Number of protein chains: 2
Amino acid sequence: MSNRYQSEVANGRPTMRHVAALAGVGIKTVSRVMNDEPGVSEATRRRVLGASQQLNYQLDMAAGSLRRTGRRTLSIGLVLPSVSNPFSGEIHRALEDALAARGIAVFAASLDDDPQREKALVAAFLGRRVDGLVLTPIAKSQAYVIPEHSRDLPMVFIDREPVGIEADAVVTDNAVGGAKAAAHLLARGHRKLAYLGDRTEIQTARERRRGFLEELGRAGVATSAVPVREGLHDEESARLAARELLASDDPPTAIFSSQNLITFGVMRALKELGANKRVALVGFDDFTLADMMEPGITVIAQHPERIGKLAAERLLARIDGDRTAPATYVVPSELIARGSGEIAPA
Amino acid sequence: MSNRYQSEVANGRPTMRHVAALAGVGIKTVSRVMNDEPGVSEATRRRVLGASQQLNYQLDMAAGSLRRTGRRTLSIGLVLPSVSNPFSGEIHRALEDALAARGIAVFAASLDDDPQREKALVAAFLGRRVDGLVLTPIAKSQAYVIPEHSRDLPMVFIDREPVGIEADAVVTDNAVGGAKAAAHLLARGHRKLAYLGDRTEIQTARERRRGFLEELGRAGVATSAVPVREGLHDEESARLAARELLASDDPPTAIFSSQNLITFGVMRALKELGANKRVALVGFDDFTLADMMEPGITVIAQHPERIGKLAAERLLARIDGDRTAPATYVVPSELIARGSGEIAPA
DNA sequence: GTTGTGCCTGACAACGATGTCATGGAACAT
DNA sequence: ATGTTCCATGACATCGTTGTCAGGCACAAC
């Protein structure tokens, strides 16, 4: 054998040595060809390419990034409430599209409202040496990532702003959205409004409530008299809360629900009581078939695709060395009128 | 300095050498502690743990897997139609849950019906040396992964069976589901049924149509006279096809739609024509709020969470060395009656 | 006192690639 | 003919870790 290296590819994957042996060149030359580096004659390049195809060779990124300057792995970590949540799915998709253009792959994982999991997932991604992180924070504080962040690990928070650390964030204008809902209902003449919301630990829920109530206050509605039902975490609890509210002595003529599942619960309660065409409803978050309901459901829509895209842009900028001060980017919400929010009080 | 190694952690991440230096031990001992290997005294273990926490050290999985026997990276690749598609999201979530227990992270990516992208994504994952792949095939043939598969890379196909390669697959009983829809409508007395379906290149769409038509044939309905509208790829085209069908001389009294978006289009057409309580409808795929429609929509539901779970189990079994012959696993669909499918012919 | 048996421990090579640098030859100038 | 420059190329160290193996120490047995 004239080959400098063992040429058998026993069973495992071929390595650069195998390709080099077959092409009759040194491994560094193979490396040059595989990475499109200059300084290889056309004839050699072709021989190497031929050998690599014949062996079905594929570059090992992990091994490469070990030595490469900057140590890029071309992968990032994405921590979402749940990958099965449509809102998260849209964000994920937008991120993927923006990053795929740069050859960056995405590790995605679900939090499930568990602060412990947040830390575990971050650790798991750090151990895989991702080039950056996009996180939906849920833990009380994100101070635990300060060491990594100060080591220049790019990091962008989405949906909620982080606590205990200064970092980029991309969020919806939740308070403004809540205020829009209030203004919209007030404009139809409603004075007896109610708020149904998620658990108060959730920052976005608090913001939506604040915006809603402040707008009512500005309009001269006594906010202390506005029924506020919180701590609702699923459709069923929202349905029950709505039923109770509507059965009271002085029921509201309009309801603002702070989130998808809560909106569903309210819709169900209204339908059960035959009040769906009588009581106004504005829900935060858009959803499929909202226009097919009877009446169509008026919503404050978020723009997950814009959030994802913006988060990707910020992350890439940081990866590319942007050292400007961290900032929070706000994506405006949008009121979509479909009928339920345009019902006037009796 | 009494340290054997340089102890400064300049700017980058600390490595085992830094921890070893601080703890006053060899790097191999640090490795033992970090990997919970036996053969380290309690006192040493504590010293190492202390040093690693002080430096905020984290094991580099990529570097480790380079040398580790078996070369496990504890990550897998998941190729889906789109991460923003709720059906895919459910599968993703079920997979994640099953794999997280083993510390396996998931790279997820979207195909977007692009056969080229399928190959590119697989290549991208292979380059990252994933321990396995879960794929929704879209390309005409999956023969291109044969080299990897025969090198023992675990691989499970979901939703559709692969072509040109023998590998595990987890699919819904599409034909049976189509037949169930037909039987359900026939039992209500319908004889004039119509089929609205997706593009015929899609295997699952063909299966659903086949099951539907075969069942009609068994019941003595002249299948050649059954209107079949195919190649529908979105809500709008389905809506138009349904309108056209319903406006014909001899309109169907029942419709079977082969997929989510098509069902939405049909629902819209029926509502526009005021026929939603007169014409029966059974749709393939369940969806949120189906029970809130007027009438509720009867569907043949798939079980994405079971598909995901089963795919994860098969993948883990292969990763653990299962060498039995590849098989196709079928997850049964389920008819959920909600009203639209129980409408009798006029 | 010698030998054996464990248990801890660390030196060293190796994993598959890339960065650095030296080398050899062709092409060109003198 | 000699010196200079440039290009293509490969030897070698190295990235951060794990596998192998040998050494050292304590303790028990002879």
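In this text the structure is predicted, and so the values were computed from the model without any measurement. Side chains are part of it too, since the values below use all heavy atoms of this structure and drop only hydrogens, waters and symmetry mates. To find a chain, count down the sequence lines: A is the first, B the second, and so on, and within it residues start at 1.
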**Report entry** Gap between atoms CZ and C1', on Arg17(B) and dT18(D) respectively (whole Å)
**Finding:** 13 Å

Query raised in the report: Separation of Arg45(A) atom CZ from dC7(D) atom P, in whole Å?
Result: 16 Å

Report task. Give me the one residue out of Thr73(A), Leu99(A), Leu95(A) that meets side chain to side chain contact (heavy atoms under 4.5 Å, CB included) with Ile104(A). Result -> Leu99(A)

Report task. Return the value, rounded to whole Å, for the distance between atom CZ of Arg129(A) and atom P of dC15(D). Result -> 15 Å

Report task. Could you go through the salt bridge (charged side-chain N to carboxylate O under 4.0 Å, His left out) check for Asp97(A) and Lys309(A) one step at a time? Result -> CA-CA 8 Å; Asp97(A) 287 345; Lys309(A) 183 157 181 268; over 6 Å; no

Query raised in the report: Which nucleotide, dT9(C), dG16(C), dG10(D), lies nearest any side-chain atom of Ser41(B)?
Result: dT9(C)

**Report entry** Validation row: Gln54(B), Pro14(B) side chains within 4.5 angstrom (heavy atoms)
**Finding:** no

Report task. Send over the distance from Asp60(B) CG to dT14(D) P, rounded to a whole Å. Result -> 19 Å

Report summary line: Rounded to whole Å, the CG-P distance (Leu66(B) to dG16(C)) equals 7 Å

Report task. Test side chain to side chain donor-acceptor pair (under 3.5 Å) on Ser82(B) and Arg93(A) and set out the steps. Result -> CA-CA 7 Å; Ser82(B) 172; Arg93(A) 184 57 209 267; 2.9 Å; yes

Query raised in the report: Could you state the CZ-P distance from Arg71(A) to dA17(C), rounded to the nearest angstrom?
Result: 15 Å

Requested in this report: Take Asp112(A) and Ser110(A) through the test side chain to side chain donor-acceptor pair (under 3.5 Å) and record every step on the way to the result.
Outcome: CA-CA 6 Å; Asp112(A) 253 345; Ser110(A) 307; over 6 Å; no

Report task. Sugar-phosphate atoms are those with a prime plus P, OP1 and OP2; base atoms are the rest. Using that split, label each nucleotide of nucleotides 18-28 of chain C B, S or - for protein heavy atoms under 4.0 Å, 5' to 3'. Result -> BBB--------

Query raised in the report: For Glu42(B) and dC7(C), what is the distance between atoms CD and C1' respectively, to the nearest whole Å?
Result: 15 Å

Report summary line: Here the pair of heavy atoms bringing Asp131(B) nearest to Ile319(B) is O-CG1, 3.7 Å

Query raised in the report: Of all the nucleotides listed (dG10(D), dT9(D), dT17(D)), which has the minimum atom distance to the side chain of Thr15(B)?
Result: dT17(D)

